[in-house]
Amino acid sequence: MDLALAEARAAASRGEVPVGAVVIGPDGTVLAAKGNRVEELNDPTAHAEMLAIRAAARALGTPRLEGCDLFVTLEPCAMCAQAIAHARIRRLTWGAADPKGGGVEHGARIFSQPTCHHRPELYPGVGEGAAAALLRDFFRARR
């Protein structure tokens with residue numbers, strides 16, 4: 001989670017919402033570490049999770065990340081949760097909850113839907129204080 005938090009801080013320094021994501025391979029190596037790039041790329045899908053999943057899939061040469069774990073600083077949105085299911089991520093760990101835009105414990109609750117074909121192990125609240133503080137400080141500075 002420390003690496004995901006570092007990516008979130010880097011995203012904030014670029015003017016992006018401070019969210020970071022890291023994919024760890026089955027052997028424990030870091031396959032990808034990314035932060036949000038929505039504004040920079042003018043791409044509404046350039047969430048940290050999406051970028052990390054894409055990079056990890058390229059690194060492994062496969063669209064399925066079976067045995068891989070994803071660490072993200074904020075509860076994934078519905079789009080990212082669906083991508084996590086499609087990628088077949090083994091474990092999903094996140095920091096801060098997202099009552100407004102989350103898609104795992106809030107909102108669409110993607111992994112609870114009967115149409116969801118893969119459900120990762122879920123570990124919420126890891127590094128929650130640090131992740132929430134980054135988000136709070138970022139948005140406070142913009143108001």
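Predicted model only: the values in this text are computed from it and were never measured.
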Worksheet item: Which atoms form the tightest heavy-atom contact between Ala81 and Pro76, and what is the distance?
Response: N-CB, 4.1 Å
Worksheet item: Among pairs that include at least one residue of residues 7-27, which meet ring-ring contact (aromatic ring centres under 6.0 Å, His included), considering only residues two or more places apart or in two chains?
Response: none
Worksheet entry | All pairs passing side-chain hydrogen bond (donor to acceptor under 3.5 Å, both in side chains) where residues 97-113 contributes a residue, at least two apart | Glu75-His106
Discussion item. Under the salt bridge (Lys or Arg N to Asp or Glu O under 4.0 Å) definition, can you give me all pairs with a residue in residues 81-95, not counting sequence neighbours?
Written reply: Asp69-Arg90, Asp69-Arg91, Arg91-Glu121
Worksheet item: Do Leu135 and Pro18 have side-chain heavy atoms sitting under 4.5 Å apart?
Response: yes
Fill in: Nearest heavy atoms of Ala32 and Ala55, plus distance in Å
CB-CB, 3.6 Å
Response to the item:
Ala133 meets the side-chain contact (heavy atoms from CB on, under 4.5 Å) criterion, sequence neighbours left out, with Arg136
Could you list the donor-acceptor pairs under 3.5 angstrom formed between side-chain atoms of residues 57-67 and any protein atom two or more places apart in sequence or on another chain?
{"from": "Thr62", "atom 1": "OG1", "to": "Arg64", "atom 2": "N", "distance (Å)": "3.3"}

Item to complete: Please name all residues satisfying side-chain contact (heavy atoms from CB on, under 4.5 Å) with Leu122, sequence neighbours left out, ordered by chain then number.
Response: Leu92, Trp94, Val104, Phe111, Pro120
Item to complete: Would you sort out whether Cys68 and Leu31 count as a side chain to side chain contact (heavy atoms under 4.5 Å, CB included), showing the intermediate values?
Response: CA-CA 9 Å; Cys68 293; Leu31 295 175; 3.8 Å; yes
Worksheet item: So, do Val72 and Val19 sit near enough that their side-chain heavy atoms are less than 4.5 Å apart?
Response: yes
Fill in: Nearest-0.5 Å distance that lies between atom CD in Gln82 and atom NE2 in His118
11.5 Å
Using residues 45-53 as the side-chain source, report each donor-acceptor pair under 3.5 Å to any protein atom, sequence neighbours left out, with the distance given to one decimal.
{"from": "Thr45", "atom 1": "OG1", "to": "Asp43", "atom 2": "OD1", "distance (Å)": "2.6"}
{"from": "Thr45", "atom 1": "OG1", "to": "Asp43", "atom 2": "OD2", "distance (Å)": "3.3"}
{"from": "Thr45", "atom 1": "OG1", "to": "Arg54", "atom 2": "NH2", "distance (Å)": "3.3"}
{"from": "His47", "atom 1": "NE2", "to": "Pro44", "atom 2": "O", "distance (Å)": "3.4"}

N/O donor-acceptor pairs under 3.5 Å from side chains in residues 3-13, not counting sequence neighbours:
{"from": "Glu7", "atom 1": "OE1", "to": "Gly35", "atom 2": "N", "distance (Å)": "3.4"}
{"from": "Ser13", "atom 1": "OG", "to": "Ala10", "atom 2": "O", "distance (Å)": "2.6"}

Discussion item. Nearest 0.5 Å, please: how far is CD1 in Ile89 from SG in Cys80?
Written reply: 11.5 Å
Discussion item. As a quick check of understanding, evaluate side chain to side chain contact (heavy atoms under 4.5 Å, CB included) for Leu134 and Thr73, giving each step before the final call.
Written reply: CA-CA 9 Å; Leu134 270 173; Thr73 58; 5.7 Å; no
Item to complete: Decide yes or no for Val17 and Val38: does some side-chain heavy atom of the first lie under 4.5 Å from some side-chain heavy atom of the second?
Response: no
Discussion item. Would a single hydrophobic cluster contain both Met79 and Ile84, if residues Ile, Leu, Val, Met, Phe, Trp and Tyr are joined by side-chain heavy-atom contacts under 4.5 Å?
Written reply: no
Practice prompt. Sort and list the pairs that fulfil side-chain hydrogen bond (donor to acceptor under 3.5 Å, both in side chains) and have at least one residue in residues 28-42, not counting sequence neighbours.
Written response: Asp27-Thr29, Arg37-Glu40
Worksheet item: By salt bridge (charged side-chain N to carboxylate O under 4.0 Å, His left out), which residues pair with Arg140, not counting sequence neighbours?
Response: Asp137
